[in-house]
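What follows is a single structure, written as structure tokens, with notes after it.
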Amino acid sequence: MIRREDLGEIAILHVTTSSLDAVTAAAIADACQPPCPIIVLDFSKVLFINSAGISALLRWAVTMLKGGVKLFALNVNPHHQNLYQTVELARFVPAIQERDLVAYRTHSLHD
């Protein structure tokens with residue numbers, strides 16, 4: 001359901017199911033242990049997000065942010081971007097482009 005890819009201080013969590021629901025959000029939380037300073041959620045395979053998934057993801061994001069973790073979302077389709085804006089998820093987990101992630105990773109490696 002979630003495949004974790006560790007790249008130094010960045011963990012990319014690839015959501016491998018087509019639906020983001022409460023079960024998927026719980027799997028995301030589990031995959032974050034131990035947390036990295038930067039966590040990127042890859043939603044390239046996600047076609048559907050329900051309200052339970054959004055709610056669970058928001059709770060998880062707030063917890064991670066309070067712990068000092070930076071969160072980003074990768075490969076968010078246009079429909080989901082509108083949803084993110086509406087429920088203010090983008091405020092906690094802003095969308096990032098792959099090129100920005102590469103630049104961010106390159107920059108952090110040289111600091």
Side-chain angles (χ1 to χ4, degrees):
M1 186 173 293
I2 306 298
R3 183 175 58 83
R4 180 173 171 156
E5 179 182 4
D6 288 305
L7 303 169
E9 67 176 15
I10 300 171
I12 300 177
L13 303 181
H14 302 275
V15 180
T16 60
T17 62
S18 62
S19 176
L20 176 58
D21 54 19
V23 174
T24 308
I28 288 170
D30 289 345
C32 289
Q33 300 307 319
C36 283
I38 301 165
I39 296 174
V40 178
L41 302 174
D42 177 8
F43 292 121
S44 59
K45 302 232 187 270
V46 175
L47 303 174
F48 178 75
I49 301 174
N50 70 19
S51 59
I54 290 287
S55 179
L57 199 58
L58 278 168
R59 284 192 305 277
W60 167 81
V62 169
T63 300
M64 290 288 104
L65 292 169
K66 285 181 179 177
V69 176
K70 293 180 184 176
L71 303 173
F72 298 100
L74 184 65
N75 298 316
V76 180
N77 71 39
H79 172 72
H80 293 144
Q81 286 179 9
N82 288 337
L83 178 64
Y84 271 42
Q85 296 297 330
T86 302
V87 299
E88 295 194 21
L89 185 57
R91 192 173 107 200
F92 302 103
V93 187
I96 188 172
Q97 300 296 320
E98 194 142 353
R99 68 179 178 275
D100 298 328
L101 178 60
V102 170
Y104 194 93
R105 183 168 181 244
T106 301
H107 175 69
S108 67
L109 289 174
H110 296 306
D111 285 345

Fill in: Pairing residues for Asp30 by the side-chain hydrogen bond (donor to acceptor under 3.5 Å, both in side chains) criterion, not counting sequence neighbours
none

Residues 52-62, side-chain donor-acceptor partners within the protein, below 3.5 Å, at least two apart:
{"from": "Ser55", "atom 1": "OG", "to": "Arg59", "atom 2": "NH1", "distance (Å)": "2.8"}

Worksheet item: Does Arg4 use its side chain to pair, donor to acceptor, with the backbone of Ala31 at less than 3.5 Å?
Response: yes

Worksheet entry | Gap separating the CD1 atom of Ile12 from the CD1 atom of Ile2, nearest 0.5 angstrom | 13.0 Å

Worksheet, complete the sentence: dist Leu65:CG -> Lys70:NZ (nearest 0.5 Å) comes out at 11.0 Å

Worksheet item: Distance-only, no hydrogens or angles: does the Ser18 side chain make a donor-acceptor pair with backbone N or O of Val46 under 3.5 Å?
Response: no

Response to the item:
Taken to the nearest 0.5 Å, the spacing of Met1 CE from Leu20 CG works out to 10.0 Å

Item to complete: Please assess Ile38 against Val69 for the test side-chain contact (heavy atoms from CB on, under 4.5 Å), listing each intermediate value before the final yes or no.
Response: CA-CA 6 Å; Ile38 301 165; Val69 176; over 6 Å; no

Do any side-chain atoms of residues 21-28 form donor-acceptor pairs under 3.5 angstrom with protein atoms, and if so which ones, sequence neighbours left out?
{"from": "Asp21", "atom 1": "OD1", "to": "Val23", "atom 2": "N", "distance (Å)": "3.2"}
{"from": "Asp21", "atom 1": "OD1", "to": "Thr24", "atom 2": "N", "distance (Å)": "2.9"}
{"from": "Asp21", "atom 1": "OD1", "to": "Thr24", "atom 2": "OG1", "distance (Å)": "2.9"}
{"from": "Thr24", "atom 1": "OG1", "to": "Ser19", "atom 2": "O", "distance (Å)": "3.1"}

Worksheet item: What pairs meet the side chain to side chain donor-acceptor pair (under 3.5 Å) rule with one or both residues in residues 43-52, with sequence neighbours excluded?
Response: Asp42-Ser44

Distance-only donor-acceptor pairs under 3.5 Å for side chains of residues 87-96, two or more places apart:
{"from": "Glu88", "atom 1": "OE1", "to": "Arg91", "atom 2": "NH1", "distance (Å)": "2.8"}

